[in-house]
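Single-structure report; data block below.
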Amino acid sequence: MQQRPVPIDGERVTAPEGLEVRAPYDGRMLGEVPRCGTVELERAVAGAARARSSDPLPAWRRAEILDRAAELLREPERQEAFAQTICLESAKPITTARAEVARAVSTLRFAAVAARELTGEVLPLDASAAGEGRLGFTLRVPVGVVGAITPFNFPLNLVVHKLAPAIAAGCPTVLKPAERTPLSALALAELLLEECELPASWLHVVTGTGDEVGRALVAHDEVAMVTFTGSPEVGWGIRAAAPRKRVSLELGNNAPVLVQPDGAWEDAAARIAVAGNAHAGQSCISVQRVLVHRGIAEPFTASLVEQVEALRVGDPMDPDTQVSALIDTDARDRVQGWIAEAEAGGARVLVGGDLDAHEVLRPTVLADVDPDMRVCRDEVFGPVLAVQVYDDLDTGFTLANRTRYGLHAGIFTADLATARRAMVELDFGGVLVNDVPTWRADQMPYGGLRDSGNTREGPAYAVREMTEVRSVVLA
Ligand code: NAD
């Protein structure tokens with residue numbers, strides 16, 4: 001199969017070797033992309049490094065590029081084409097893939113706003129005697145070339161969460177998309193470069209493996225900042241490998257949700273069933289740990305099991321499908337291994353745990369789990385909900401916080417005092433009250449504590465990370 005070339009410094013580039021892209025659901029060959037190495041990377045970084053002097057882009061043009069991209073991505077036919085690409089390369093059910101495209105439109109729009117609002121502040125220099133007679137203010141200056149590295153689970157919107165703020169901030173970018181889902185990213189880059197008047201020096205895509213071109217991108221001297229979304233192991237490794245660079249990390253999680261007897265627990269069961277299994281649990285804020293108060297544990301769990309059992313498993317292209325294949329068979333075998341380990345330790349499989357006729361792992365609910373089992377302790381990244389029962393709120397909060405991750409947590413309660421305690425005591429980057437922790441709007445500051453990362457994304461916040469504050473003093 002012919003390689004689909006990648007845009008590097010205004011040219012369509014192929015490499016001596018390619019990487020196959022296959023549909024996770026049925027193994028169908030979808031394309032081949034270049035396996036870029038240092039040769040392609042050098043060209044990409046050199047192009048990006050001269051972008052700001054050779055093709056300067058004032059804020060109004062950056063905002064117009066982003067608005068134009070949003071407009072084009074909103075066109076029904078294009079929206080559907082992107083959704084189908086996401087669906088095929090990641091096995092994300094088509095309805096969820098369509099929602100991802102709609103979110104990408106919104107991310108682009110918020111980035112256009114951030115470009116227009118990029119500003120500094122006036123400094124009250126005469127507030128100290130030494131500053132009298134001087135005028136001071138700050139500018140936000142682009143950090144320089146950004147290296148953006150993205151994961152497979154949101155092949156479009158998480159790429160937009162890197163590229164759009166970088167454009168808004170005025171940073172030329174070299175993008176390294178996930179090796180299993182590069183096609184949505186390439187289509188987006190083509191849209192920006194060919195139809196939105198983004199100059200060729202501002203965006204370069206190097207497809208390939210993390211170990212090769214990913215590592216080389218992180219190590220490159222001309223790359224001022226690495227913005228990474230992916231697993232904690234890789235992310236913190238990048239932080240350690242580039243101690244002098246700005247490194248923004250959006251990493252994994254094992255999101256807990258508490259269900260209180262005073263909350264709308266039937267509604268909670270329905271939402272948790274969907275939120276734990278959307279994209280087969282492969283979202284960093286998928287519900288994983290379900291913490292339920294003993295007073296309602298029995299009827300809540302029965303309802304949850306019923307709702308999970310009712311989820312439609314199948315071909316991601318079928319609009320009725322709610323859960324489809326994991327990204328590859330290794331991921332599926334790993335998740336099944338963790339379920340087996342939990343069972344061996346005394347957990348009960350209430351539903352799922354097995355494969356359907358197409359070898360898709362069925363959505364699974366586990367009860368009688370122990371917090372030290374991998375299904376509770378680590379990030380499952382699969383369609384598995386682990387139910388734990390607590391007797392009082394203190395214990396519930398302690399269980400929720402008993403994790404090395406800290407991205408999002410949720411609680412269902414009708415009691416204002418409990419909600420207020422949750423906002424303070426749940427130690428996570430985001431706390432959702434009366435909703436699943438899987439909910440996110442693209443403009444909110446999004447990011448985690450501890451192993452889950454060190455930054456906040458959402459265009460306005462990412463732009464801050466991609467700019468330096470420069471103090472200016474006029475005497
Ligand atoms: P991954 O860490 O395996 O890969 C992510 C990217 O890093 C890929 O492009 C990969 O090629 C690249 N990479 C791998 N090794 C590298 C290295 N040594 N140097 C540079 N780049 C390297 O993650 P994944 O399996 O694609 O994605 C799943 C993970 O991403 C989960 O842990 C999930 O929670 C996390 N995630 C987090 C967020 C968030 O916003 N916090 C969002 C989505 C996914």
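The basis for the numbers below is simple: all heavy atoms, side chains too, and nothing from hydrogens, waters or symmetry mates. Indexing begins at 1, ligand by ligand and atom by atom, following the structure's order.
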Quick one: nearest non-hydrogen protein atom to [atom], plus distance?
atom                    : value
atom 15 (N) of ligand 1 : Val234 CG1, 3.5 Å
atom 17 (C) of ligand 1 : Gly210 O, 3.5 Å
atom 32 (O) of ligand 1 : Glu379 OE1, 2.7 Å
atom 28 (C) of ligand 1 : Phe381 CE2, 3.5 Å
atom 27 (O) of ligand 1 : Pro151 CB, 3.3 Å
atom 38 (C) of ligand 1 : Cys284 SG, 3.0 Å
atom 40 (O) of ligand 1 : Tyr446 CE2, 3.2 Å
atom 20 (C) of ligand 1 : Gly214 C, 3.3 Å

Run the numbers for me: atoms of ligand 1, each under 4.0 Å from some heavy atom of [X], listed by number.
X      : answer
Leu407 : 41 (N)
Thr229 : 5 (C), 36 (N), 37 (C), 38 (C), 39 (C), 40 (O), 42 (C), 43 (C), 44 (C)
Phe152 : 24 (P), 25 (O), 26 (O), 27 (O)
Lys176 : 8 (C), 9 (O), 10 (C), 11 (O)
Leu158 : 42 (C), 43 (C)
Ile238 : 20 (C)
Ile149 : 6 (C), 7 (O), 9 (O), 12 (C), 20 (C), 21 (N)
Gly252 : 32 (O), 34 (O)

Could you tell me whether Arg12 and Glu194 have a side-chain N and a carboxylate O separated by less than 4.0 Å? yes

Of all the heavy-atom pairs spanning [X] and [Y], show the shortest one and how long it is.
X      : Y      : answer
Arg74  : Gln79  : O-OE1, 3.1 Å
Lys245 : Arg239 : O-NH2, 2.9 Å
Asp315 : Thr321 : O-OG1, 2.8 Å
His161 : Pro165 : O-CG, 3.1 Å
Asn277 : Pro363 : OD1-CB, 3.4 Å

How about [atom1] on [X], more than 12 heavy atoms from neighbouring residues, nucleotides or ligands closer than 6.0 Å, or not?
X      : atom1 : answer
Asp320 : CG    : yes
Arg52  : CZ    : yes
Glu233 : CD    : yes

Does the N or O separation between [X] and ligand 1 drop below 3.5 Å for any pair?
X      : result
Asn153 : no
Leu251 : yes
Thr150 : yes
Glu179 : yes
Gly230 : yes
Ser231 : yes

With no hydrogens and no angle check, do the side chains of [X] and [Y] hold a donor and an acceptor under 3.5 Å apart?
X      : Y      : value
Thr229 : Lys162 : yes
Glu179 : Thr209 : no
Ser184 : Glu89  : yes
Asp442 : Asn157 : yes

Answer yes or no for Arg456 and Tyr461: cation-pi contact, defined as NZ/CZ to six-membered ring centre under 6.0 Å and angle to ring axis within 45°. no

So, His204 side chain and Val174 main chain: donor-acceptor pair closer than 3.5 Å or not? no

Below 4.0 Å from any atom of ligand 1, is there a heavy atom belonging to Gly453? no

Under 4.0 Å from atom 4 (O) of ligand 1, can you find at least one protein heavy atom? no

Where does Pro177 meet ligand 1, judged by heavy-atom distances below 4.0 Å: at the side chain, the backbone, both, or neither? backbone

Under-4.0 Å heavy-atom contact with ligand 1, by part of Phe154 that carries it: neither

